[in-house]
Amino acid sequence: MEIIRTVAEMRAWRKQAGKLAFVPTMGNLHEGHLKLVAAARARAEKVVVSIFVNRLQFGQGEDFDAYPRTFDADCAKLAAAGVDALFFPTERELYPRVRQDFNVEPPHIQDELCGAFRPGHFRGVATVVTKLFNIVQPDLACFGKKDYQQLHVIQAMIADLNSPIEIVPVDTGRAADGLALSSRNGYLSAEERAEAPRLYRNLSMIRDGLLSGSQDYAALENAAREDLAAAGWTVDYVEVRQADTLEIAHAGEKRLVALAAARLGKTRLIDNIEVFR
Ligand code: PAF
């Protein structure tokens, strides 16, 4: 696996790569990332992964400094997974000017769901993904459904800006007890880790309610919020939305997604389940 640190080298490497699949990450890789790599591998001649902890998408008081940097372990996993190149730029390489004046501004959805609790987060994501796309110039890029709102923002950006890059959504990797795989699971104490699957269990109950015909989304959301709060979680949101647009869901909707974000101790966990009925 080649390790590429500069924009110029990345562009030169890309020229000889043929059909290229891209997996952008912030490192601290787990099985969920390797599922993205496998999806990329199956669709292209060459696979490039990036590792870059993007300051722009972290808010004040969030975990930018504490975010785990595990470069050597990540490299071993990527090499074993057959990745052809790792793009590992410095902050200065990706943000060459002191100020970042031009940003990619997502539409109103950036202020809802996770965006309501993480102001500026999706602007930071859309901006860095655009920069990475401009540098790597892949034919396709794989994103996990665990970050459902992020996936939606990227898909909308690609469509609205007529980008030629195909976005491949990849199902969420889960532990045996249902917990969605996430780099932030590493922050959980043993006790919190045992409690964490409650988030998925509540989303599963919402799914079951929707599949059995319930149109009372608010009742399903409230039951989940109450169960989480009673178990000591701080709930940011539990919402049933339209799966394709993430707009408010009305009764009778067929393609839905139940999304939740809640804090267990200091760790913020997110998850979602699509429900097509
Ligand atoms: O999902 C992530 O790890 C990040 O948000 C991404 C897409 C790599 C952009 O920094």
Side-chain angles (χ1 to χ4, degrees), residues 4 7 10 21-37 39-40 47-59 62-71 73-74 77-78 81 83 85-91 93-95 100 103-106 109-110 113-115 117-138 140-158 161 163 165-173 180-187 246 259 261 267-272:
I4 300 173
V7 171
M10 187 64 243
F22 177 42
V23 180
T25 81
M26 298 202 300
N28 193 228
L29 304 177
H30 50 68
E31 281 301 318
H33 293 109
L34 299 180
K35 265 182 84 142
L36 300 178
V37 169
V47 175
V48 57
V49 172
S50 64
I51 295 179
F52 181 72
V53 185
N54 176 39
R55 189 189 294 273
L56 211 60
Q57 70 190 73
F58 288 79
E62 288 190 351
D63 56 346
F64 174 76
D65 290 325
Y67 201 85
R69 274 88 167 164
T70 51
F71 182 72
D74 291 348
K77 287 177 189 164
L78 295 176
V83 167
L86 167 62
F87 181 46
F88 184 58
T90 59
E91 213 167 7
E93 188 70 17
L94 216 56
Y95 290 99
Q100 172 76 12
N103 291 290
V104 180
E105 199 66 49
I109 192 66
Q110 73 162 325
L113 300 168
C114 280
F117 297 88
R118 304 188 68 190
H121 170 68
F122 290 108
R123 181 191 307 118
V125 169
T127 300
V128 80
V129 168
T130 300
K131 289 159 81 73
L132 290 167
F133 281 178
N134 287 340
I135 296 163
V136 175
Q137 300 170 62
L140 60 100
C142 298
F143 287 84
K145 287 192 188 178
K146 188 195 139 251
D147 296 303
Y148 206 84
Q149 191 175 5
Q150 167 172 286
L151 172 64
H152 171 80
V153 165
I154 302 296
Q155 285 173 320
M157 176 178 90
I158 290 295
L161 301 182
S163 166
I165 298 168
E166 180 195 351
I167 302 301
V168 178
V170 178
D171 285 341
T172 303
L181 300 180
S182 163
S183 298
R184 291 190 169 98
N185 294 350
Y187 298 152
L246 283 187
L259 309 113
T267 310
R268 185 173 187 274
L269 298 177
I270 63 170
D271 201 355
N272 65 82

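Counting starts at 1 for both ligands and their atoms, in listed order.
For ligand 1, the atoms lying closer than 4.0 Å to a non-hydrogen atom of Val128 are 9 (C), 10 (O). Close contacts of ligand 1 with Thr25, meaning ligand atoms under 4.0 Å from a residue heavy atom, involve 8 (C).
Atom CD in Gln57 sits 7.0 Å away from atom CZ in Arg118 (nearest 0.5 Å). Glu166 CD to Gln155 CD: the interatomic distance, rounded to the nearest 0.5 Å, is 10.5 Å. The distance from atom CG of Asp271 to atom OG of Ser182, rounded to the nearest 0.5 Å, is 9.5 Å.
For the side chain to side chain contact (heavy atoms under 4.5 Å, CB included) with Ile167, the qualifying choice from Leu140, Val129, Ile154 is Ile154, the only one to do so.
Ranking protein heavy atoms by distance to atom 9 (C) of ligand 1, first place goes to Gln57 OE1, 3.4 Å. Nearest protein heavy-atom contact of atom 5 (O) of ligand 1 is Gln150 OE1, 2.7 Å.
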